[in-house]
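Below is one structure; the comments refer to it alone.
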There are 2 protein chains.
Amino acid sequence: MIDVCQIRCIHQDSVNRAIGGRTDDGVLEEAARLLGVISDPTRLKIMDALRLGELCVCDLAAVLGMSVSAISHQLRLLRTSCLVRGRRDGKIIFYTIHDEHVEKLMDMALDHCRQRCGA
Amino acid sequence: MIDVCQIRCIHQDSVNRAIGGRTDDGVLEEAARLLGVISDPTRLKIMDALRLGELCVCDLAAVLGMSVSAISHQLRLLRTSCLVRGRRDGKIIFYTIHDEHVEKLMDMALDHCRQRCGA
DNA sequence: ACTATAATTGAACAATTGTTCAAATATAGG
DNA sequence: CCTATATTTGAACAATTGTTCAATTATAGT
């Protein structure tokens, strides 16, 4: 029994408007998943490191001071979410930010958290 | 003993460039925390519902079909991260998106996940 | 083929997260 | 003041997540 509160407290018209105009659940869930991928410090540091140019797994491990395995696990997530892309050159795979749209998304997030909160 | 790989595989200059140019750890961790807040389906749905106008906790519970308590818990996170703001009118508190910068950030995330992945 | 190296993968464990349920605030009206 | 209502809060539990360790795949050189 969900405690959706009694009819008297709901602003029915506002609720209807919100229900009518809401974004498809699937899209929102996919977006949440995507944001979840860049909401991890390690992955954000990886993306940040890649902004100045391509790096291999080993380089990233050196930059972040973490194990190659840990980095690789995170890279997989970033790859499958189209946030980074890799190009193979012999034994080595070089990673870069997937596209500038992604870079912009990162910038906006960094911007927001640099602004102080008024209320 | 961390398996930072042997010197031979590191591209030293690239690594130095990345280390020199990297964003402050604190900022990245704060950004990660912020992104974490909007990376949850429930919270994203709350934000989506608020785009068309202010709603109270009770309205949001009705729109999402969830308990008032669950919504309230999530609203707290959204409030303390300056993603939504509330104004009190008597017994009722009406919530809205904090500012248009936040709205833009959401749009970008939704955009990205609507684009298909090439590789 | 055989060896060495770059990178990925799987299982497991610790740590974090989201929801529920019950209880506590805060505001308004009689 | 006492009751009713809107919202918040705390504790607990289930589910998810990130790292480590060990083993595996992929590529290149000899």
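Here is how names work: the chains are called A, B, and so on, in the same order as the sequence lines, proteins then strands, and each is numbered from 1.
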Interatomic distance where CD1 belongs to B/I92 and C1' belongs to D/dT7 [whole Å]: 11 Å
Whole-Å gap separating C1' (D/dT17) and CG (B/L35): 16 Å
Euclidean distance, atom CD1 of residue A/I10 to atom C1' of D/dT7 [Å, nearest integer]: 15 Å
Short side-chain N/O contact to C/dA6 OP1/OP2 from A/R88, under 4.0 Å: no
Under-4.0 Å side-chain N/O to phosphate OP1/OP2 contact, B/R76 with D/dT7: no
Whether A/H73 stacks on the six-membered ring of C/dT9 base, 5.5 Å and 30° limits: yes
Residue-phosphate contact under 4.0 Å: B/Y95 side-chain N/O, D/dT8 OP1/OP2: yes
Atom pair NE2 (A/H101) and CG (B/D111), whose distance is rounded to the nearest 0.5 Å: 5.0 Å
Gap between atoms CZ and P, on B/R87 and D/dA6 respectively (whole Å): 16 Å
Interatomic distance, A/H11 NE2 vs D/dT7 C1' [rounded to whole Å]: 13 Å
B/Q74 side chain near C/dT17 phosphate (N/O to OP1/OP2, under 4.0 Å): no
Upstream residue (5' side of DNA chain C) when A/L75 and B/D89 are each assigned their closest nucleotide: A/L75
Candidate nucleotides C/dT19, D/dT19, D/dT8, ranked by approach to the side chain of B/R79 - the nearest: D/dT8
Residue-phosphate contact under 4.0 Å: B/S69 side-chain N/O, C/dC21 OP1/OP2: no
Whichever of B/F94 and A/K91 has its nearest DNA chain D nucleotide further upstream toward 5': B/F94
First encountered from the 5' end of DNA chain D, between A/T42 and A/G90: A/T42
Side-chain donor or acceptor of B/R43 paired with backbone N/O of B/I38 under 3.5 Å: no
Nearest-angstrom distance from the residue atom CD1 of B/I93 to P of D/dA6: 12 Å
B/S67 side chain near C/dT20 phosphate (N/O to OP1/OP2, under 4.0 Å): yes
A/S81 side-chain N/O to A/L77 backbone N/O, donor-acceptor pair under 3.5 Å: yes
Between C1' of C/dA6 and CG of A/L60, the distance in whole Å: 13 Å
Separation of D/dT7 P from B/I46 CD1 (nearest whole Å): 13 Å
Check against side chain to side chain contact (heavy atoms under 4.5 Å, CB included), A/R51 and B/R22: CA-CA 9 Å; A/R51 295 227 248 162; B/R22 78 186 160 196; over 6 Å; no
For B/L78, the option from B/I46, B/V102, B/L50 that meets side chain to side chain contact (heavy atoms under 4.5 Å, CB included): B/I46
Per A/R43 side chain, nearest of listed nucleotides D/dA4, D/dG18, C/dT8: D/dG18
